[in-house]
Amino acid sequence: MHRKDQICHDDYQQTASWLLSQTQHRPKVAIICGSGLGMLADALKCQDSFPYSDIPGFPQSTVQGHAGRQVFGELKEKMCVCMQGRFHMHEGHSLCMVSLLGVETLIVTNAEGSLADSYQVGDIMIIKDHINFPGLAGLNPLNGPNDDKFGPRFPPMSGVYDKDLRKIAFDLCKSMDVSQVVQEGVYCMVGGPNFETIAEARLLHRLGVDAVGMSTAPEVVVATQCGNKVVKSYDDIEPVNHEAVLEVSKLRSHMLQTLVTELVSWMDINNNAV
Ligand SMILES: O=P(O)(O)O[C@H]1O[C@H](CO)[C@@H](O)[C@H]1O
Ligand SMILES: Nc1nc2[nH]cnc2c(=O)[nH]1
């Protein structure tokens with residue numbers, strides 16, 4: 001995740017240009033699929049898909065449940081790009097390249113562990129804010145010399161979870177008649193890759209964390225610096241291992257797919273071809 005130490009703006013630009021030369025799609029929305037949620041990409045029409053291994057300068061996703069493909073396509077006539085496989089901090093890499101494709105809004109999904117007393121396994125939580133634990137301790141994707149082409153040196157992070165989009169997501173859940181499994185809460189990113197000890201989970205709970213995972217916050221930090229709007233939803237689960245995480249994701253994948261599709265259709269974006 002140390003973007004500037006490893007890859008510079010020109011490298012990302014080359015990768016973005018290569019992708020744009022391979023597809024007619026000009027996505028304004030990027031969707032990151034969480035663990036076991038790769039099927040969100042199946043809803044895209046007129047797909048052009050690229051295994052990460054075929055994309056020059058792109059790393060590989062190494063976590064089970066992340067296919068490792070970029071899928072371009074249309075959701076309700078809006079052009080999108082779906083990342084079927086994310087790069088966790090423990091794998092390295094970041095998200096700036098996606099912004100260079102022209103993306104303006106990021107939808108992030110993930111499969112995480114619940115800490116809030118009122119949550120049930122499989123609930124969907126719309127993230128209203130995050131705690132970036134590694135970031136607070138200095139392990140931040142924006143570390144290193146700042147390249148102003150990406151964005152400002154000191155980007156503000158208050159209000160990064162777009163209020164309007166969150167409201168639309170809640171209204172959609174109501175109209176889908178699934179509000180009973182939808183929560184709103186604070187997500188905490190930890191470094192992983194081990195799951196928390198009981199004492200660590202208790203600590204996070206006392207700090208006001210509703211759900212914990214090992215992704216998302218760095219993506220949101222980078223996307224925010226690059227000027228993207230962010231909306232996020234994720235499966236809220238109580239796993240004991242990664243296989244359990246993937247199982248619970250499967251339970252809610254269809255609901256999330258509908259939610260993301262409907263959300264995109266409500267977005268006010270223009271799909272002008274370049
Ligand atoms: O955040 P996503 O990619 O859904 O993955 C989650 O699932 C893995 C643990 O099972 C962790 O990497 C956690 O962050
Ligand atoms: N850190 C962390 N990540 C998860 N991903 C899914 N469940 C969990 C969890 O309980 N803790």
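Ligands are counted one by one from 1 in listed order, and the atoms in each one are counted from 1 as well. The first residue of the sequence shown is numbered 1, and numbering continues consecutively from there.
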Looking at [X] and [Y], would you say the former's side chain and the latter's main chain have a donor-acceptor pair under 3.5 Å?
| X | Y | answer |
| --- | --- | --- |
| D129 | V186 | no |
| K149 | H9 | no |
| S253 | L37 | no |

Within the 4.0 Å heavy-atom shell around [X], which atoms of ligand 2 are there?
| X | answer |
| --- | --- |
| M214 | 1 (N), 2 (C), 3 (N) |
| V190 | 1 (N) |
| V245 | 6 (C), 7 (N) |

Is [X] close to ligand 1, meaning an N/O of one under 3.5 Å from an N/O of the other?
| X | result |
| --- | --- |
| S215 | yes |
| N110 | no |
| A111 | yes |

Can you find a heavy atom in the side chain of H25 that is under 4.5 Å from one in the side chain of V81? no
Within the 4.0 Å heavy-atom cut-off, what N110 brings close to ligand 2 is neither
Under-4.0 Å heavy-atom contact with ligand 2, by part of V212 that carries it: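 Near ligand 2, V212 shows its backbone as well as its side chain.
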Supply the atom-to-atom distance T216 OG1 to L106 CG, rounded to the nearest 0.5 angstrom.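 Rounded to the nearest 0.5 Å, the OG1-CG separation comes out at 9.0 Å.
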CG/L20 to CD/Q13 distance, rounded to the nearest 0.5 angstrom?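 If I round to the nearest 0.5 Å, the distance is 8.5 Å.
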Considering distance alone, does some N or O of F195 sit under 3.5 Å from an N or O of ligand 2? no
Do ligand 2 and E112 have nitrogen or oxygen atoms that lie under 3.5 Å from each other? yes
Please list, in number order, the atoms of ligand 1 under 4.0 Å from a heavy atom of [X].
| X | result |
| --- | --- |
| F195 | 9 (C), 10 (O) |
| S35 | 2 (P), 3 (O), 4 (O), 5 (O), 6 (C), 7 (O), 8 (C) |
| G34 | 4 (O) |
| V245 | 7 (O), 10 (O) |

Counting only heavy atoms, tell me which of A111, G191, G192 gets closest to atom 6 (C) of ligand 2.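 Answer by nearest heavy atom: A111.
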As a check for students: among E112, M189, R86, identify the option with a heavy atom nearest to atom 3 (O) of ligand 1.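 Going through E112, M189, R86 one by one, R86 has the nearest heavy atom to atom 3 (O) of ligand 1.
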